[in-house]
> 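Take a look at the following structure, please.
Since we're looking at a predicted model, the values are computed, not measured. Chain A is the first sequence line, chain B the second, and so forth, proteins listed ahead of strands; every chain is numbered from 1.
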Amino acid sequence: MNTPRFNYHGVWAIYQFEIARTLRTLLQSIATPVITTSLYFVVFGSAIGSRMSNIDGVPYGAFIVPGLMMLAVLTESISNSSFAIYLPKFTGTIYELLSAPVSPFEVVLAYVGAATTKSVVLGLLILATASMFVPLQILHPWWMLSFLVLTALSFCLFGFVIGIWANGWEQLQFIPMLVVTPLTFLGGTFYSISMLPPMWQKLALFNPVVYLISGFRWSFNGRADVAIEISLAFIAGFFLLCLAMVWWIFRSGYRLKA
Amino acid sequence: MSTVLDIRNVSKTYASGVSALQPINLAIEEGEIFALLGPNGAGKTTLISIICGIVTPTAGTVVAGGYDVQRDYRGARSLIGLVPQELATDAYETVWATVSYSRGLFGRAPDAGYIEKMLRALSLWDKRDARIRTLSGGMKRRVMIAKALSHEPRILFLDEPTAGVDVELRRDMWALVRELREQGVTIILTTHYIEEAEEMADRVGVINHGRLMLVEDKHTLMKKLGQKRLKLNLHQPLDSVPAALAAWRLTLEAEGHELHYLFDTRAEHSDVPALLRALDELGIAFKDLNTEQSSLEDIFVGLVSGERERVA
Ligand SMILES: Nc1ncnc2c1ncn2[C@@H]1O[C@H](COP(=O)(O)OP(=O)(O)O)[C@@H](O)[C@H]1O
Ligand SMILES: [Mg+2]
């Protein structure tokens with residue numbers, strides 16, 4: 001009997017399963033972030049923004065769009081992807097995944113692929129929502145899309161690692177809540193790093209999210225807090241790091257197999 | 001018949017230090033029903049989990065259908081279906097979706113006809129659009145069986161398939177097992193119910209404390225099962241079995257106070273009366289006599305407590 005080199009049906013089954021799970025919880029997975037983001041616009045974009053001057057020649061409302069997209073994509077990527085792999089561990093259905101003829105690469109491709117799809121769609125939905133509040137310009141649409149996909153992909157991988165590492169619901173919430181959300185808020189979502197006092201500017205350079213938001217914002221209006229090459233190198237480096245972690249997890253069977 | 005599953009020197013020590021399996025060697029023949037019999041904690045689930053890829057063995061190899069389960073896991077796992085001991089299902093999926101998912105996961109193209117046939121056989125057809133969380137425990141177990149069979153495996157593992165299961169499901173399950181066997185599927189089931197092993201299996205393996213203590217054809221076991229033991233409580237203890245009684249398989253127990261006679265109930269005629277007459281002639285008197293069946297349970301208990309000679 002010949003066994004195929006790539007389990008196409010298996011990858012597709014997991015991918016569909018994950019997308020179906022999203023659609024079933026549509027309100028939670030898509031509507032909630034879109035509504036939350038709209039509220040940000042109402043509060044920061046219109047209410048406060050109308051009293052703010054332009055930043056880098058961009059109206060405040062338009063300025064915060066890339067940051068808000070990143071904020072949502074980062075947190076949702078991590079929580080979607082970590083939940084997706086944590087859930088079968090929690091319910092015990094992971095036995096089936098472990099006993100199926102799927103390679104680690106296929107498992108990651110399917111789970112992370114589905115979570116990335118979700119995050120990218122979510123990012124674009126937020127963009128569409130934003131465009132109803134403020135006039136938007138996107139100078140480099142392909143760069144914008146590339147940044148979006150690469151960021152979603154990297155953080156979905158990161159979420160996958162967290163989902164495997166987590167041994168309880170608290171741990172699952174811990175990193176998104178205590179690490180990622182603060183870093184994102186302090187990463188220039190609502191302001192330009194150049195608006196900070198000099199010492200804080202230096203500190204901000206240790207915040208990885210700054211590079212992501214800066215690069216992403218550049219694709220919109222051509223202005224960046226840090227050089228675009230550095231942003232790109234950073235996100236690519238983070239992607240490779242997450243890939244290495246996932247590779248190690250499957251090689252060692254870490255927290256998956258006794 | 002050819003070997004479909006070859007377990008060689010497989011042992012497992014968990015990270016906690018628990019040694020769950022001593023080196024196990026076992027060959028399963030294509031198309032047979034093999035029962036792995038042993039008490040809780042014997043290592044049955046561990047062995048199955050190693051074969052299926054859920055637990056990594058500390059040492060040893062397993063070859064399934066010609067594929068090493070670790071090196072050629074794709075080939076091996078495509079052939080294997082597993083119904084685990086614990087109920088674990090996706091609460092919000094429908095029966096149809098979860099079974100189709102399993103088929104895809106194991107690399108098979110969709111086949112609505114096959115899944116329909118299987119769901120009907122498992123009395124799940126009416127529930128195909130029901131969410132799994134709305135089903136009873138018994139129905140959930142049926143769903144797990146359907147998932148395991150969804151990719152038409154050649155080797156099926158049933159880990160404690162009837163533990164806590166109602167009579168109807170038990171009956172359906174045995175009917176299904178027989179039907180699968182007709183189709184040439186090899187079935188390995190674990191149980192701690194002796195009757196179950198007796199009823200279903202072609203061969204029985206007894207496992208305890210991670211050691212495979214006996215592997216025997218069921219008929220051989222049944223032969224032992226067909227034996228009875230006559231116990232005579234003597235008035236006066238004997239030093240040895242008198243030479244005049246050499247024709248019978250007698251042993252002295254309880255420091256010579258008991259005379260035991262092991263005999264086959266299915267023999268043409270029992271020679272118990274002749275033995276009793278011979279004892280009378282020798283003047284050996286007894287206070288009491290009783291007979292007991294040597295059941296698989298006896299054999300099992302004997303093995304498990306390491307007192308093989310009692311049932312030999
Ligand atoms: N994941 C695990 N980690 C540590 N010890 C385990 C694990 N799973 C099983 N064991 C231990 O291994 C032994 C065999 O267990 P198991 O294979 O489940 O036996 P059975 O299925 O025959 O009841 C038991 O002592 C059990 O406590
Ligand atoms: Mg068990």
> Strictly distance-based, threshold 3.5 Å: is any side-chain N or O of A:Ser81 a donor or acceptor partner for the main-chain N or O of A:Phe160?
yes
> With side chain to side chain donor-acceptor pair (under 3.5 Å) as the criterion, how do B:Thr46 and B:Lys12 come out once you've worked through the C-alpha distance, each side chain's angles and the decisive distance to 0.1 Å?
CA-CA 8 Å; B:Thr46 300; B:Lys12 177 66 185 179; over 6 Å; no
> Determine yes or no for a side-chain-to-main-chain donor-acceptor pair under 3.5 angstrom, with B:Thr191 supplying the side chain and B:Leu37 the backbone.
no
> Any residues in residues 65-75 of chain A near chain B, with a heavy-atom distance under 4.5 Å, and which are they?
none
> Look at atom CH2 of A:Trp143 and say whether more than 12 heavy atoms of other residues, nucleotides or ligands are closer to it than 6.0 Å.
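No - once you tally the heavy atoms of other residues, nucleotides and ligands closer than 6.0 Å, there are 12 at most.
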> Under a 3.5 Å distance rule, please check whether A:Ser82 uses its side chain to pair with a backbone N or O of A:Ser79 as donor and acceptor.
yes
> Can you tell me if B:Arg203 uses its side chain to pair, donor with acceptor, with the backbone of B:Phe34 under 3.5 Å?
no
> Checking heavy atoms, do the side chain of B:Tyr14, its backbone, both or neither come under 4.5 Å from chain A?
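It is the side chain, since no backbone atom gets that close.
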> With ring centroids as reference points, do A:Phe238 and A:Phe155 lie under 6.0 angstrom apart?
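Ring-ring flag for A:Phe238/A:Phe155: true, centres closer than 6.0 Å.
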> Answer yes or no: is there a donor N or O on one side and an acceptor on the other, between the side chain of B:Asp6 and the main chain of B:Val63, under 3.5 Å?
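Here the side-chain-to-backbone pair does not exist.
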> Taking the side chain from B:Arg77 and the backbone from B:Phe106, do they hold a donor-acceptor pair closer than 3.5 Å?
no
> With no hydrogens and no angle check, is any side-chain donor or acceptor of A:Lys89 less than 3.5 Å from a backbone partner on A:Gly163?
yes
> So does B:Glu32 get a backbone contact from the side chain of B:Arg181, meaning a donor-acceptor N/O pair under 3.5 Å?
no
> Would the distance check show the side chain of B:Asn25 and the main-chain N or O of B:Asn9 forming a donor-acceptor pair, the cut-off being under 3.5 Å?
yes
> Counting only non-hydrogen atoms closer than 4.5 Å, does B:Ser102 touch chain A with its backbone (N, CA, C, O), its side chain (CB onward), both, or neither?
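Looking at B:Ser102, backbone and side chain both touch chain A.
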> With a strict 4.5 Å heavy-atom criterion, list every residue of residues 80-97 of chain B that contacts chain A, or say none.
B:Leu82, B:Pro84, B:Ala88, B:Thr89, B:Asp90, B:Tyr92, B:Glu93
> Determine whether B:Tyr114 and B:Leu149 make a side-chain contact, defined as any pair of heavy atoms from C-beta on separated by less than 4.5 Å.
yes
> Begin with the C-alpha distance, continue with both residues' side-chain angles, and end with the deciding distance and a verdict on side chain to side chain donor-acceptor pair (under 3.5 Å) for A:Tyr40 and A:Thr189.
CA-CA 11 Å; A:Tyr40 278 128; A:Thr189 309; over 6 Å; no
> If I compare all heavy atoms of A:Thr184 with all of A:Ile213, which pair ends up nearest, and what's the gap?
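In terms of heavy atoms, the two residues are closest at O-CD1, 4.1 Å.
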> So which bits of residues 125-133 of chain B come within less than 4.5 Å of chain A, counting non-hydrogen atoms only?
B:Arg131
> Could you look at A:Glu106 and say if it's the side chain, the backbone, both or neither that has a heavy atom under 4.5 Å from chain B?
side chain
> With only heavy atoms counted, which part of B:Ala15 is less than 4.5 Å from chain A, the side chain, the backbone, both or neither?
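Neither part; nothing is under 4.5 Å.
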> Using non-hydrogen atoms and a limit below 4.5 Å, what part of residues 165-175 of chain A faces chain B?
none
> Using a 3.5 Å distance criterion without hydrogens, assess whether the side chain of B:Asp72 forms a donor-acceptor pair with backbone atoms of B:Gly75.
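Judged by distance alone, no pair lies under 3.5 Å.
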